[in-house]
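Structure first, commentary second.
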There are 2 protein chains.
Amino acid sequence: MHDPKIRLEKMIDNLKRHGYKITPQRLAILRILAYSLGHPSVEEIYQQIRIDFPTISIATVYKNISTMKTLGEVLELGFGNDSSRYDGHTPYPHPHVICTKCKKIVDSQLENFQDFTQKVIQETGFSIVNHRIDFFGLCPDCQRQNS
Amino acid sequence: MHDPKIRLEKMIDNLKRHGYKITPQRLAILRILAYSLGHPSVEEIYQQIRIDFPTISIATVYKNISTMKTLGEVLELGFGNDSSRYDGHTPYPHPHVICTKCKKIVDSQLENFQDFTQKVIQETGFSIVNHRIDFFGLCPDCQRQNS
DNA sequence: TATTAGAAGAGAATGATTATTATTTAATAA
DNA sequence: TTATTAAATAATAATCATTCTCTTCTAATA
Ligand SMILES: [Mn+2]
Ligand SMILES: [Mn+2]
Ligand SMILES: [Zn+2]
Ligand SMILES: [Zn+2]
């Protein structure tokens with residue numbers, strides 16, 4: 001689940017299995033989703049693809065990401081006002097670390113959330129199916145610039 | 001920090017200390033923020049206050065909540081598309097449990113996030129100053145309705 | 001009671017996202 | 001290879017929460 005090439009093939013398979021067509025624009029979007037580690041925004045994906053497809057519409061990017069979301073092949077990180085960021089490399093819930101200055105988003109590998117989830121279920125009676133764990137602060141680069 | 005009456009007084013003190021005036025509209029907003037446990041949205045606060053102040057503008061609600069945010073007296077829970085929800089009762093970061101069906105938001109009392117924060121700092125080199133922990137699922141009421 | 005900085009009210013503007021619709025094209029089979 | 005067709009794309013309008021702008025009003029102070 002961590003080799004971009006395999007991620008891309010899995011995405012394509014999943015699309016074909018559900019009867020979706022593989023268009024060049026779609027493929028370009030998939031590639032960015034599968035390969036990028038930086039949690040790009042729709043706008044960033046759009047600008048990237050415009051290099052090869054100058055006539056692509058940003059609505060096409062939105063629609064394709066929406067499709068991949070419904071197939072469980074991309075994780076959306078929505079924020080209050082700012083635009084959403086996407087992870088097609090690791091499309092299941094995992095903690096993120098977010099620089100409040102440069103907006104960099106980094107994955108965390110910490111995985112002990114089963115315990116927490118269990119405690120939350122006991123505490124509240126909810127049935128938990130998903131979670132979102134974000135830590136906010138300054139990345140090493142931005143810390144350096146501040147001092 | 002958990003008696004609504006004391007919360008309200010603390011909010012008023014903080015505003016006065018910073019030279020803000022205490023208007024009837026502002027007071028009404030503060031009261032809702034301090035007393036409600038349900039994480040109301042701006043729209044909900046607006047509709048509630050319209051009972052007593054039929055001419056209030058929703059912009060006034062937005063502006064006052066923004067002021068209370070800068071004073072650290074209210075915690076904003078932003079979501080991707082849906083409108084933000086606010087906690088003036090417990091205005092520091094704490095985990096939330098969210099029903100994806102009825103949009104109910106419940107506080108969790110779990111508090112062992114120092115360990116996690118420390119691990120994240122070691123793992124990423126970020127300086128962490130904030131976090132956001134959400135669990136998503138179905139509340140007991142909505143579970144019952146499903147079966 | 002008069003003064004005045006700040007607050008409220010009204011409505012326009014913004015910006016991300018979604019919806020609409022006409023045009024184009026990938027996939028399939030003749 | 002070509003024709004067919006359902007789905008995808010491109011362009012643009014619409015939506016909706018939130019912010020901004022500006023005018024009027026008022027809480028606090030003396
Ligand atoms: Mn990620
Ligand atoms: Mn809360
Ligand atoms: Zn940074
Ligand atoms: Zn519910």
Side-chain angles (χ1 to χ4, degrees), chain A residues 11-33 39-71 73-74 76-86 103, chain B residues 11-33 39-71 73-74 76-86 103:
Chain A
M11 285 178 171
I12 294 171
D13 283 354
N14 207 347
L15 281 166
K16 283 186 179 166
R17 199 170 340 113
H18 286 83
Y20 291 99
K21 297 173 180 173
I22 308 302
T23 67
Q25 294 91 330
R26 173 163 284 164
L27 196 54
I29 294 166
L30 296 189
R31 241 190 284 270
I32 293 177
L33 287 174
H39 306 85
S41 66
V42 162
E43 183 65 30
E44 284 165 358
I45 294 170
Y46 174 58
Q47 295 303 341
Q48 174 80 37
I49 291 180
R50 285 226 288 176
I51 298 169
D52 295 319
F53 300 85
T55 69
I56 197 172
S57 166
I58 196 167
T60 299
V61 181
Y62 273 106
K63 220 174 313 176
N64 274 283
I65 287 179
S66 171
T67 300
M68 299 316 284
K69 270 196 288 175
T70 66
L71 293 181
E73 296 288 353
V74 67
E76 178 173 27
L77 300 177
F79 295 91
N81 298 350
D82 305 327
S83 46
S84 287
R85 307 278 292 267
Y86 299 91
K103 309 297 178 189
Chain B
M11 285 178 172
I12 294 171
D13 284 354
N14 206 347
L15 281 167
K16 284 186 179 167
R17 201 175 332 117
H18 286 83
Y20 291 101
K21 297 174 180 171
I22 309 301
T23 67
Q25 293 91 334
R26 175 164 284 164
L27 195 54
I29 294 167
L30 296 190
R31 241 190 283 272
I32 293 176
L33 288 175
H39 305 85
S41 66
V42 162
E43 184 65 28
E44 284 164 358
I45 295 170
Y46 174 58
Q47 295 302 343
Q48 174 81 39
I49 292 181
R50 285 225 288 177
I51 298 169
D52 294 319
F53 299 85
T55 69
I56 197 172
S57 166
I58 197 167
T60 299
V61 181
Y62 273 107
K63 225 176 309 177
N64 274 283
I65 287 179
S66 172
T67 300
M68 299 316 286
K69 270 196 288 173
T70 65
L71 293 181
E73 296 289 352
V74 68
E76 179 174 26
L77 302 177
F79 295 93
N81 298 352
D82 305 328
S83 46
S84 286
R85 306 278 291 267
Y86 298 92
K103 308 299 179 188

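A note on names: the letters A, B, ... follow the listed sequences, proteins ahead of strands, and every chain is numbered from 1. All values reported here derive from a predicted model rather than from experimental measurement.
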* Return yes if the base of C/dG6 and the side-chain atoms of B/Lys63 contain a donor-acceptor N/O pair under 3.5 Å, otherwise no. => no
If you check the [X] side chain, which of [options] turns out closest?
| X | options | answer |
| --- | --- | --- |
| B/Arg26 | C/dA8, D/dA11, D/dA28 | C/dA8 |
| A/Lys21 | D/dA8, D/dT9, C/dA8 | D/dA8 |
| A/Ala59 | C/dG11, D/dT12, C/dA26 | D/dT12 |
| A/Thr23 | D/dA8, C/dG6, C/dA8 | D/dA8 |
| B/Thr55 | C/dT17, D/dA17, C/dG9 | C/dG9 |
| B/Tyr20 | C/dG9, C/dA7, D/dT9 | C/dA7 |

Reckon [X] has a side-chain N or O less than 4.0 Å from the OP1 or OP2 of [N]?
| X | N | answer |
| --- | --- | --- |
| B/Ser84 | D/dT18 | yes |
| B/Asn81 | C/dA16 | no |
| B/Tyr62 | D/dT18 | yes |

* To do: Return the 5'-most residue of the pair B/Pro24, B/Tyr86 with respect to DNA chain D, ranking by each residue's nearest nucleotide.
  => B/Tyr86
* Round to the nearest Å and state the distance from B/Glu43 atom CD to D/dA17 atom C1'. =>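 Going from CD in B/Glu43 over to C1' in D/dA17 covers 10 Å.
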* Whole-Å gap separating P (C/dT18) and CD1 (A/Ile65) -> 10 Å
* Asked: Hey, does B/Asp82 reach any base, or is it just sugar-phosphate, or nothing, if we go heavy atoms under 4.0 Å?
  ->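 It contacts nothing in the nucleic acid.
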* Side-chain donor-acceptor pair present, A/Thr60, A/Gln25, cut-off under 3.5 Å -> no
* Separation of A/Tyr86 OH from A/Ile32 CD1 (nearest 0.5 Å) ->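 Answer for the CD1-OH pair, A/Ile32 versus A/Tyr86, is 13.5 Å.
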* To do: Look at the side chain of A/Arg85 and the backbone N and O of A/Gly78, then say whether any donor-acceptor pair between them is shorter than 3.5 Å.
  =>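 Side chain of A/Arg85 to backbone of A/Gly78: no pair is present.
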* **Any donor-acceptor pair under 3.5 Å from B/Glu44 side chain to B/Ser41 backbone** => yes
* **Most 5' of B/Gln25 and B/Gly80 on DNA chain C, judged by nearest nucleotide** => B/Gln25
